[in-house]
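Nothing fancy with the numbering, it's 1 onward along the sequence.
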Amino acid sequence: MSALPSPSAAYSVHPTPIGEALVVVTDAGLAVLEILEDHAGAAEGALERAALALRTAPEPDADATASVRTQLDEYFAGIRRRFEVPLDLRVGGFVRAALDAVCEIPYGEVASYAEVAIAAGSPGANRAVGTACARTPISIIVPAHRVVRSDGSIGDYGGHPERKRHLLDLEARVTEASSSPGAPATQTSRAV
């Protein structure tokens with residue numbers, strides 16, 4: 001019996017205002033969007049984790065990640081509010097329900113861990129929502145930065161609350177600017 005072929009995976013590292021981002025795509029969609037730590041070996045470590053999770057070694061291919069990188073640039077420029085990116089989220093059960101609920105939080109708004117737990121069908125599972133947000137391999141496009149504590153504080157965001165603050169402030173500025181008379185329209189497509 002022959003082994004099934006491994007799905008292909010491609011990656012690139014892309015600069016963003018909050019740090020370099022590792023972008024990994026598979027035949028099914030975006031599998032990893034990780035803001036890298038600012039130290040030598042960060043990209044290699046993130047690639048190793050991605051290879052283990054995907055069971056295939058991603059190969060460098062900027063063309064394969066071009067759509068994601070373009071949409072990231074548009075997001076940070078304030079002209080994209082929703083992403084048109086198929087996701088390769090390899091999770092199920094409550095974690096998937098929680099991440100799907102997170103993806104429903106509108107641009108420029110926030111929801112508490114408790115509100116996300118309710119939306120995911122498990123009231124009281126606040127900590128499980130926090131774990132799902134902390135462990136999602138897809139940052140920004142799965143907008144875990146929009147999930148806050150019940151008291152309104154933003155939380156730790158994987159040890160980088162400054163990144164979360166940057167993303168929330170960006171969305172607040174864009175939302176405020178777009179509500180001004182004569183403001184240009186922004187793209188509002190949805191991650192799929």
Side-chain angles (χ1 to χ4, degrees), residues 9 11-26 29-54 58 65 68-69 71-73 75-76 80 82-83 85 87-117 119-120 122 125-173 191:
Y11 80 92
S12 64
V13 176
H14 188 65
T16 77
I18 60 172
E20 290 198 318
L22 173 66
V23 178
V24 180
V25 297
T26 67
L30 177 65
V32 175
L33 174 54
E34 180 179 335
I35 304 301
L36 299 171
E37 297 295 327
D38 189 19
H39 62 76
E44 292 80 8
L47 273 170
E48 287 177 19
R49 289 188 300 277
L52 284 172
L54 299 173
T65 64
V68 175
R69 292 182 295 109
Q71 290 184 46
L72 271 176
D73 290 344
Y75 170 82
F76 282 110
R80 178 173 292 278
R82 292 186 182 254
F83 292 91
V85 177
L87 302 180
D88 185 0
L89 273 173
R90 297 176 183 214
V91 295
F94 177 76
V95 171
R96 181 58 186 249
L99 295 179
D100 287 345
V102 167
C103 287
E104 295 299 318
I105 302 169
Y107 180 96
E109 295 182 23
V110 295
S112 71
Y113 292 100
E115 290 169 326
V116 173
S122 294
N126 307 13
R127 287 182 190 232
V129 170
T131 299
C133 288
R135 292 186 180 166
T136 181
I138 302 174
S139 179
I140 303 168
I141 293 175
V142 173
H145 60 277
R146 296 182 191 150
V147 183
V148 298
R149 294 178 177 158
S150 294
D151 66 3
S153 62
I154 65 170
D156 191 43
Y157 200 61
H160 295 281
E162 73 283 357
R163 291 177 180 167
K164 185 171 188 171
R165 174 54 53 207
H166 182 92
L167 297 171
L168 292 173
D169 289 348
L170 167 71
E171 292 184 10
R173 282 192 310 273

Review point. Which value, rounded to the nearest 0.5 Å, describes the distance between F76 atom CZ and I18 atom CD1?
Key: 4.5 Å

**Study point:** Minimum heavy-atom distance A50-V24, with the two atoms named
**Key:** CB-CG2, 4.3 Å

**Study point:** For V147 against C133, the heavy-atom pair lying closest together
**Key:** CG2-SG, 4.0 Å

Review point. Rounded to the nearest 0.5 Å, what separation is found between the CG atom of L99 and the OG1 atom of T136?
Key: 4.5 Å

Review point. At their closest point, which heavy atom of Y113 faces which heavy atom of G130, and how far apart are they?
Key: CE2-CA, 3.6 Å

Point to revise | I140 side chain near T16 side chain, heavy-atom distance below 4.5 Å | key: no

Review point. In terms of heavy-atom contacts, does CG of D38 have more than 12 from other residues, nucleotides or ligands at under 6.0 Å?
Key: no

Exercise for review: Would you mind reporting whether Y75 and L170 have side-chain heavy atoms less than 4.5 Å apart?
Suggested key: yes

Check your understanding: To the nearest 0.5 Å, how far apart are NE2 in H160 and CD1 in I35?
Key -> 10.0 Å

Practice item. For the pair S112 (side chain) and E115 (backbone), establish whether a donor and an acceptor sit closer than 3.5 Å, ignoring hydrogens and angles. Key: yes

Practice item. Answer yes or no: is there a donor N or O on one side and an acceptor on the other, between the side chain of K164 and the main chain of G158, under 3.5 Å? Key: no

Exercise for review: Apply side-chain contact (heavy atoms from CB on, under 4.5 Å) to the pair L54 and R90, showing each step before the final yes or no.
Suggested key: CA-CA 9 Å; L54 299 173; R90 297 176 183 214; 3.5 Å; yes

Exercise for review: Can you measure from CZ (R149) to CG (D156) and round to the nearest 0.5 angstrom?
Suggested key: 7.0 Å

Review point. What pairs with H166 under side chain to side chain donor-acceptor pair (under 3.5 Å), at least two apart in sequence or on another chain?
Key: none

Review point. Taking all non-hydrogen atoms of both residues, which atom of V116 and which atom of A98 are closest, and how far apart?
Key: CG1-O, 3.8 Å

Point to revise | Closest contact, heavy atoms only, E20 versus V13 | key: OE1-CG1, 3.7 Å

Point to revise | Euclidean distance, R146 CZ relative to Y107 OH, rounded to 0.5 Å | key: 7.5 Å

Review point. Less than 4.0 Å between a side-chain N and a carboxylate O, is that true for R96 and D100?
Key: yes

Exercise for review: Measure the shortest side-chain to side-chain distance between V142 and L33 over non-hydrogen atoms and say whether it is less than 4.5 angstrom.
Suggested key: no

**Study point:** Side-chain (T131) to main-chain (R127) donor-acceptor, under 3.5 angstrom
**Key:** yes

Revision key, fill the gap. Shortest non-hydrogen pair, Y157 vs A144, comes out as CE1-C, 4.2 Å

Check your understanding: Rounded to the nearest 0.5 Å, how far does OG1 of T65 lie from NE2 of H14?
Key -> 8.5 Å

Practice item. Compare all side-chain heavy atoms of F83 with those of L30 and state whether any distance is below 4.5 angstrom. Key: no

